[in-house]
Visitor: 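Quick one: the structure is below, and I'll ask about it shortly.
Being a predicted model, the structure only gives us computed values, none of them experimental.
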Amino acid sequence: MRVSIPVSASVIHAVYRMLCASWRFEEHDRHWLDDLDARGERLVFCLWHDEMLPLIYMQKQLDIVTVVSPSRDGELLADILHRQGLRTVRGSSTRGGAKALLGAARLMRREGVHACITVDGPAGPRHKAKDGAFFLAHHADAYIAPVRLIMKPAVRIPSWDRLQIPLPLGKVTVLHGQPWKLNATELTAEDLAEDRARLEADLAALAPYRKNP
């Protein structure tokens with residue numbers, strides 16, 4: 001018998017909360033996003049898909065929307081995210097993606113919420129930025145906010161993204177890059193190529209950071 005999505009989400013969320021409670025979090029350079037949030041600016045948090053797991057717990061006081069696949073797995077994830085206090089819109093790169101991003105942009109403008117995008121999701125290539133975050137930032141008049149998460153110790157799942165799961169009692173270091181606005185008023189192919197290169201460089205620059213590993 002197939003277990004219902006609400007029951008599965010309840011169990012997974014309970015386990016997730018227990019894991020999160022055991023992790024030690026350390027955050028750096030959050031002042032950039034807190035200052036922009038206090039000024040009423042909107043941000044699109046951009047991170048790699050394999051580093052997303054602990055970030056859900058780091059929402060704190062921020063109101064955040066994210067795009068979730070319309071699949072059954074996406075329905076399960078959306079339920080879990082709602083339990084964690086995040087908002088979701090449904091869509092993917094192949095099914096309703098542009099419509100979902102426009103819906104998220106309208107929500108950001110109307111209610112002043114932020115967004116979070118795994119920029120190489122939902123299916124890779126790994127650590128290669130796609131255009132969705134820039135499309136969203138353009139339509140929401142929002143900042144691009146690079147984020148990296150360093151997890152130690154952690155295990156990796158044998159999936160396309162090599163998803164990381166911090167072990168119980170592990171340390172999660174959250175690193176914020178300086179947010180930036182898109183330069184162009186229109187999203188040409190050349191503009192998007194420059195934006196992808198800039199974001200990938202920002203995320204790579206955060207990666208070597210280590211403090212008290």
Visitor: Got a sec, which residues hit side chain to side chain donor-acceptor pair (under 3.5 Å) with Glu200, two or more places apart in sequence or on another chain?
Guide: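 Glu200: no side chain to side chain donor-acceptor pair (under 3.5 Å) contacts found.
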
Visitor: Looking at Asp141 and Lys181, is any side-chain nitrogen of the basic one under 4.0 Å from a carboxylate oxygen of the acidic one?
Guide: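 Here Lys181 pairs with Asp141 in a salt bridge, since their nearest N and O are under 4.0 Å apart.
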
Visitor: Given Trp23 and Leu169, is the side-chain contact (heavy atoms from CB on, under 4.5 Å) satisfied, shown in steps?
Guide: CA-CA 5 Å; Trp23 297 334; Leu169 306 179; over 6 Å; no

Visitor: Without swapping roles, check the side chain of Arg109 against the backbone of His139 for a donor-acceptor pair under 3.5 Å.
Guide: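 Checking the backbone N and O of His139 against the side chain of Arg109, a donor-acceptor pair under 3.5 Å is found.
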
Visitor: Rounded to the nearest 0.5 Å, what separates atom CD1 in Ile144 from atom CG in Leu182?
Guide: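 Between atom CD1 of Ile144 and atom CG of Leu182 there are 5.5 Å.
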
Visitor: Looking only at side-chain N and O atoms, does His114 offer a donor or acceptor that is under 3.5 Å from a partner on Asp63?
Guide: no

Visitor: Which atom names give the shortest non-hydrogen contact between Leu53 and Tyr16, and what distance separates them?
Guide: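 Of all heavy-atom pairs spanning Leu53 and Tyr16, the closest is O-OH, 2.7 Å.
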
Visitor: Can you sort out the partners of Lys128 under side chain to side chain donor-acceptor pair (under 3.5 Å), two or more places apart, ordered by chain and number?
Guide: none

Visitor: Are any non-hydrogen side-chain atoms of Ile157 and Ile165 less than 4.5 angstrom apart?
Guide: yes

Visitor: Looking at Arg148 and Leu203, would you say the former's side chain and the latter's main chain have a donor-acceptor pair under 3.5 Å?
Guide: yes

Visitor: If we only count heavy atoms from C-beta on, is the Phe25 to Tyr57 side-chain gap below 4.5 Å?
Guide: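 Result yes, sub-4.5 Å side-chain heavy-atom pair found.
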
Visitor: Show the numbers, then the answer: is there a side-chain contact (heavy atoms from CB on, under 4.5 Å) between Leu175 and Leu149?
Guide: CA-CA 6 Å; Leu175 309 172; Leu149 291 94; over 6 Å; no

Visitor: So do the side chains of Ile117 and Leu136 get within less than 4.5 Å of each other, counting heavy atoms only?
Guide: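 A side-chain contact exists here, since the closest heavy-atom pair is under 4.5 Å.
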
Visitor: To the closest 0.5 Å, what do you measure between CG (Leu47) and CG (Leu206)?
Guide: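 One gets 11.5 Å once the value is rounded to the nearest 0.5 Å.
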
Visitor: Check Val172 against Met151 and note the closest heavy-atom contact, atom names and distance.
Guide: CG2-CG, 4.2 Å

Visitor: Starting from Val155, can I reach Leu55 by hopping between I/L/V/M/F/W/Y residues whose side chains sit under 4.5 Å apart?
Guide: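 Yes; Val155 is reachable from Leu55 via cluster members.
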
Visitor: Looking at residues at least two apart in the chain, or sitting in another chain, which of them share a side chain to side chain contact (heavy atoms under 4.5 Å, CB included) with Glu186?
Guide: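 By the side chain to side chain contact (heavy atoms under 4.5 Å, CB included) rule, Glu186 matches no residue at all.
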
Visitor: Nearest 0.5 angstrom please: Glu194 CD to Thr188 OG1, how far?
Guide: 7.5 Å

Visitor: Within the structure provided, determine whether Pro54 and Pro166 are in side-chain contact (heavy-atom separation under 4.5 Å).
Guide: yes

Visitor: Would Ser10 and Arg83 count as a side-chain contact (heavy atoms from CB on, under 4.5 Å) if you check the C-alpha gap in whole Å, the side-chain angles of each, and the deciding distance to 0.1 Å?
Guide: CA-CA 8 Å; Ser10 177; Arg83 293 170 189 269; 3.8 Å; yes

Visitor: Given side chains that start at C-beta, do those of Leu192 and Arg196 come closer than 4.5 Å, heavy atoms only?
Guide: yes

Visitor: Heavy-atom distance under 4.5 Å between the side chains of Thr88 and Val65, does that happen here?
Guide: no

Visitor: Check Pro168 against Ser22 and note the closest heavy-atom contact, atom names and distance.
Guide: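 That closest heavy-atom pairing would be CA-OG, 3.4 Å.
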
Visitor: Could you tell me if the side chain of Arg17 sits less than 4.5 Å from the side chain of Gln84, heavy atoms only?
Guide: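 Heavy-atom side-chain distance check passes, below 4.5 Å.
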
Visitor: So, taking the atom named CG in Asp34 and the one named CG in Leu62, what distance separates them when rounded to the nearest 0.5 Å?
Guide: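 Atom-to-atom, Asp34:CG and Leu62:CG are 6.5 Å apart.
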
Visitor: Could you state the interatomic distance from CG (Leu36) to CZ (Arg42), rounded to the nearest 0.5 Å?
Guide: 11.5 Å

Visitor: In sequence, state the C-alpha distance, the side-chain angles, and the governing distance for Arg87 and Glu111, and then conclude on salt bridge (Lys or Arg N to Asp or Glu O under 4.0 Å).
Guide: CA-CA 12 Å; Arg87 308 191 195 200; Glu111 301 188 31; 2.8 Å; yes

Visitor: Show the nearest heavy-atom pair for residues Ala133 and Cys46, with the distance to one decimal.
Guide: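 For Ala133 versus Cys46, the nearest heavy atoms are CB-SG, 3.7 Å.
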
Visitor: Going by salt bridge (charged side-chain N to carboxylate O under 4.0 Å, His left out), name the residues that satisfy it together with Asp120, two or more places apart in sequence or in a different chain.
Guide: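 By the salt bridge (charged side-chain N to carboxylate O under 4.0 Å, His left out) rule, Asp120 matches no residue at all.
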
Visitor: For Trp180, what residues pass the side chain to side chain donor-acceptor pair (under 3.5 Å) criterion, not counting sequence neighbours?
Guide: Asp202

Visitor: Given Lys99 and Leu101, is the side-chain contact (heavy atoms from CB on, under 4.5 Å) satisfied, shown in steps?
Guide: CA-CA 6 Å; Lys99 182 178 179 181; Leu101 290 168; over 6 Å; no

Visitor: Looking at Arg156, is its backbone amide N or carbonyl O close enough to the side chain of Arg162 to form a donor-acceptor pair, meaning the two atoms are under 3.5 Å apart?
Guide: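 Side chain of Arg162 to backbone of Arg156: no pair is present.
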
Visitor: If you define the side chain from C-beta out and look only at heavy atoms, does anything of Glu27 sit under 4.5 Å from His176?
Guide: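 Touching, per the 4.5 Å side-chain cut-off.
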
Visitor: To check you understand the geometry: which heavy-atom pair defines the closest contact between Ala104 and Val89, and what is its length?
Guide: CB-CG2, 4.0 Å

Visitor: Counting only N and O atoms by type, is there a donor-acceptor contact under 3.5 Å from the side chain of Lys152 to the main-chain atoms of Thr173?
Guide: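 A pair under 3.5 Å: no.
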
Visitor: Rounded to the nearest 0.5 Å, what's the gap from CE on Met108 to CZ on Arg106? Could you check?
Guide: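 Those atoms lie 13.0 Å apart.
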
Visitor: If every non-hydrogen atom of Trp32 is compared with every non-hydrogen atom of Pro179, which pair is closest and at what distance?
Guide: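 Closest heavy-atom pair between Trp32 and Pro179: CB-CD, 3.6 Å.
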
Visitor: Any chance the side chains of Asp50 and His127 put a donor and an acceptor closer than 3.5 Å?
Guide: yes

Visitor: Enumerate the residue pairs fulfilling ring pair (Phe, Tyr, Trp, His ring centres under 6.0 Å) with a member in residues 141-165, sequence neighbours excluded, ordered by first and then second residue.
Guide: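 Found His49-Trp160.
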
